[in-house]
4 protein chains.
Amino acid sequence: MVTEHRPGSSRRSERSRQAILGATRALIAEVGYAKLSIEAIASRAGVGKQTIYRWWPSKGAVVFDAILALSEQSPGEPVALPDTGDLEADLKQVVRATVAEFSDPAFDAPIRALTTELVHDAELAALYEKRVAAPVDEAKKERLRSAQRAGQLRADADLDLVLDLLYAPVFRRWLLRTGPLTAEFADAVVEATVRAFSPAAG
Amino acid sequence: MVTEHRPGSSRRSERSRQAILGATRALIAEVGYAKLSIEAIASRAGVGKQTIYRWWPSKGAVVFDAILALSEQSPGEPVALPDTGDLEADLKQVVRATVAEFSDPAFDAPIRALTTELVHDAELAALYEKRVAAPVDEAKKERLRSAQRAGQLRADADLDLVLDLLYAPVFRRWLLRTGPLTAEFADAVVEATVRAFSPAAG
Amino acid sequence: MVTEHRPGSSRRSERSRQAILGATRALIAEVGYAKLSIEAIASRAGVGKQTIYRWWPSKGAVVFDAILALSEQSPGEPVALPDTGDLEADLKQVVRATVAEFSDPAFDAPIRALTTELVHDAELAALYEKRVAAPVDEAKKERLRSAQRAGQLRADADLDLVLDLLYAPVFRRWLLRTGPLTAEFADAVVEATVRAFSPAAG
Amino acid sequence: MVTEHRPGSSRRSERSRQAILGATRALIAEVGYAKLSIEAIASRAGVGKQTIYRWWPSKGAVVFDAILALSEQSPGEPVALPDTGDLEADLKQVVRATVAEFSDPAFDAPIRALTTELVHDAELAALYEKRVAAPVDEAKKERLRSAQRAGQLRADADLDLVLDLLYAPVFRRWLLRTGPLTAEFADAVVEATVRAFSPAAG
DNA sequence: TCTTAACCGAGACGGTACGTCGGGTCTTCAC
DNA sequence: GTGAAGACCCGACGTACCGTCTCGGTTAAGA
């Protein structure tokens with residue numbers, strides 16, 4: 001993957017590809033990202049090293065695909081967020097979900113690994129933005145636009161900024177462990193953000 | 001360092017220590033964090049590898065000290081933030097300064113390196129929190145308390161939350177390159193945050 | 001080849017066969033025998049690897065055929081040696097020719113390669129003996145028998161021994177570079193051998 | 001070795017050196033020269049690969065040293081050949097000994113390996129000539145000179161030529177397996193050679 | 001004339017070994 | 001007596017080839 005993967009169009013072995021991605025996920029969980037080696041992935045997957053080097057340019061790219069293969073959206077199937085009409089309640093639900101995901105030990109190690117890759121590889125980061133983040137962000141913005149139409153959010157609010165205010169604090173507390181990452185914290189962030197962009201204010 | 005460094009109290013060679021930290025900084029800038037090696041540091045510093053292993057437990061710890069040695073506060077000398085009486089203006093000044101620092105190419109590579117270490121090493125992260133972040137955060141909170149006393153900020157505002165709202169968006173945009181990191185962005189974040197915790201609101 | 005090659009009797013592509021043998025000779029000359037690889041032969045010959053593996057059992061066998069294809073006798077056409085009636089002069093001529101062949105740089109590398117194969121592969125050596133050496137040796141012995149009839153050589157001389165005395169010193173000097181390989185040396189070897197088996201002596 | 005080995009003068013580990021040479025000899029006997037790998041030598045010797053690469057430039061050089069370490073003369077202790085006064089009998093004894101050595105399966109594989117190296121590496125061949133062959137040849141020539149003084153050998157005989165006639169046939173039969181390698185063959189070669197250079201003849 | 005099966009170029013695959021880099025430990029020697 | 005120098009064992013790197021195995025695409029027998 002990394003670039004598009006076209007099933008059936010090449011002689012690439014789908015069996016090997018899945019074995020590699022699976023072994024990569026297993027090893028990240030077992031030994032951590034820093035001690036992950038191509039050699040161990042190949043061995044665990046029952047695959048020659050060359051088969052990895054043939055299809056991925058770097059260890060980071062393998063990790064990237066291994067993790068994305070888990071969360072990849074079915075193409076064309078748009079992400080949908082709850083829209084009960086109550087913006088604050090809906091946002092609390094999704095931010096709490098994010099907090100819960102970050103708190104799940106099964107996700108922690110791989111996502112840290114992925115994040116490390118993105119920090120040091122701008123190209124990979126751009127690909128991640130395009131393939132994963134953008135669709136999700138668009139869904140979130142759509143919910144915010146719905147709130148704008150309902151008069152629950154300033155009409156002139158910069159939606160990228162709103163998303164930053166909502167998610168960056170959660171992301172940073174998780175990444176750097178600078179404070180407790182709880183549902184209460186999620187709620188407080190949402191409340192503050194909604195307040196900041198309330199039509200009544202200002 | 002990492003643990004306390006007591007100048008003069010041991011037989012440790014200060015000359016070697018400085019050479020190692022300097023070589024580390026130079027190499028991070030030259031070859032990047034990923035390709036930084038203890039051997040290269042020792043060779044560049046004109047030092048035996050053992051001299052590094054004797055005093056630091058890991059490569060991360062060396063990098064940590066190398067970067068901290070640059071920004072270390074003189075002990076006992078508290079950080080002071082501007083307090084003109086205008087909270088929003090004062091905050092814009094300090095957040096803009098943060099943005100400027102992140103935008104400086106000379107700081108970018110080493111800070112990314114340090115951040116990567118903190119992400120994967122909770123112990124180092126705690127030390128960083130204690131030695132670097134806490135004093136600065138305390139200074140920022142002091143400015144916020146001053147604003148509370150002046151009636152420019154809600155008296156019951158959770159100051160940790162306020163700091164998260166102020167700094168996390170900047171940090172995340174820098175780390176993941178998810179959007180432009182400009183003075184305008186800094187201003188917008190400050191305005192939104194101040195609005196969220198304005199005494200008039202809610 | 002190695003075993004018989006029957007042109008026309010199979011679907012084997014003569015074009016591919018020639019391309020493989022030619023590429024093998026070219027590569028032995030270019031990179032030497034030690035660095036010769038099947039992949040390189042296939043690539044140079046514009047041939048799939050399988051086509052080589054289909055028809056030859058080992059790299060040695062390909063090299064063997066590649067070199068033999070150069071020197072192969074037309075079947076049925078016996079080798080003939082000069083027979084002027086003067087044994088010593090005739091032998092000097094053929095041993096000098098052998099020395100000249102060994103001294104030709106174009107022959108040196110391939111013959112060393114072939115010799116290495118024969119040293120380590122008894123089966124190939126037997127085949128070489130049968131296909132190449134035996135006919136030539138028989139021609140040489142015929143000349144010696146002629147000399148016996150002419151009373152220039154002991155009637156009871158062991159002809160295999162005579163040939164060993166004549167050729168082994170030249171072969172060894174060439175292979176191990178233990179001394180100068182000149183026409184004078186060839187002459188000296190012939191003179192000593194003829195003397196050793198002179199009817200007058202003993 | 002290969003170049004001089006100066007015990008005690010460097011930090012080189014004699015224990016590792018001996019383990020490597022021993023493992024090399026064992027593996028040549030077990031799997032043959034063609035399948036001998038540096039990796040296997042290192043593993044068997046309980047040594048890092050780098051320790052081999054640090055001290056030897058090639059696999060051939062290791063093999064060379066491994067075999068030479070067996071036959072190396074004590075420096076200063078000259079080789080002595082039998083001198084009973086009967087040249088032919090004495091020569092038969094030493095050539096028979098050579099035949100016996102070649103026939104010993106324990107020597108066959110390693111000496112073939114060494115010979116292959118010498119064929120393809122002129123530098124190594126020169127070193128072998130200087131370190132091993134020359135002293136032995138000199139001893140043989142001394143015996144021949146003794147025979148010259150005793151009137152059993154032509155005074156003007158080229159001793160290098162005599163040695164070639166004596167040893168090359170044995171060497172070639174062994175290397176290429178072109179005929180039986182027996183004590184009778186050794187005797188016949190000696191008899192012919194002695195005859196060729198008999199003072200009475202010519 | 002039309003199958004049809006062997007042969008072909010191509011190259012992916014699971015592997016072994018290469019020669020190099022660097023990790024962290026341990027020893028030696030010069031200052 | 002410290003500390004630079006660097007040898008040591010080890011693990012992993014990324015590459016080259018090994019010999020096997022499909023893949024489609026000719027191509028030449030024989031039906």
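- Comparing the helix axis at one end of the helix from dT1(E)-dA31(F) to dC31(E)-dG1(F) with that at the other, each defined from 5 consecutive pairs, gives an inter-axis angle of 20° (nearest 10°).
- Residue Ser37(B) places none of its side-chain N or O atoms closer than 4.0 Å to OP1 or OP2 of dC21(E).
- The salt bridge (Lys or Arg N to Asp or Glu O under 4.0 Å) analysis of residues 52-63 of chain C, with sequence neighbours excluded, yields no pairs.
- OP1 or OP2 of dG3(F) has not a single side-chain nitrogen or oxygen of Thr51(B) nearer than 4.0 Å.
- Under 4.0 Å is where a charged nitrogen must lie from a carboxylate oxygen, and between Glu30(B) and Arg44(B) at least one such pair does.
- Nearest-nucleotide mapping onto DNA chain E: of Ile38(B) and Ser43(C), the residue sitting toward the 5' end is Ser43(C).
- Rounded to whole Å, atom P of dG24(E) lies 11 Å from atom CD1 of Ile41(B).
- Minimum interatomic distance between Ala113(D) and Val63(D) (heavy atoms only, all atoms of both residues): CB-CG1, 4.2 Å.
- Look at Trp55(B) and you won't find any side-chain N or O under 4.0 angstrom from OP1 or OP2 of dT2(F).
- Both Ala40(C) and Gly48(B) lie close to DNA chain F; mapped to their nearest nucleotides by heavy-atom distance, the more 5′-ward contact belongs to Gly48(B).
- When all heavy atoms of Ile41(A) and Ala23(A) are compared, the pair lying nearest together is O-CB, 3.9 Å.
- How far CZ of Arg15(D) is from CD1 of Ile20(D): 12.0 Å, rounded to the nearest 0.5 Å.
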N/O to N/O distances under 3.5 Å, protein versus nucleotides 20-22 of chain F:
residue: dC21(F); atom: N4; partner: Gln50(C); partner atom: OE1; Å: 2.4

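- Arg112(A) places a side-chain N or O within 3.5 Å of a backbone atom of Leu175(A) that can act as its donor or acceptor partner.
- Between the CD1 atom of Ile52(D) and the C1' atom of dT20(E) there is a distance of 14 Å, rounded to whole Å.
- Closest-nucleotide positions on DNA chain F for Glu39(B) and Arg54(B) were compared, and the one nearer the 5' end corresponds to Arg54(B).
- Looking at which nucleotide of DNA chain E each of Leu36(B) and Ser16(A) is closest to, the 5′-most match is held by Ser16(A).
- In this structure, Arg12(C) satisfies the cation-pi test against Trp56(C), with its NZ or CZ atom closer than 6.0 Å to the six-membered ring centre and inside 45 degrees of the ring normal.
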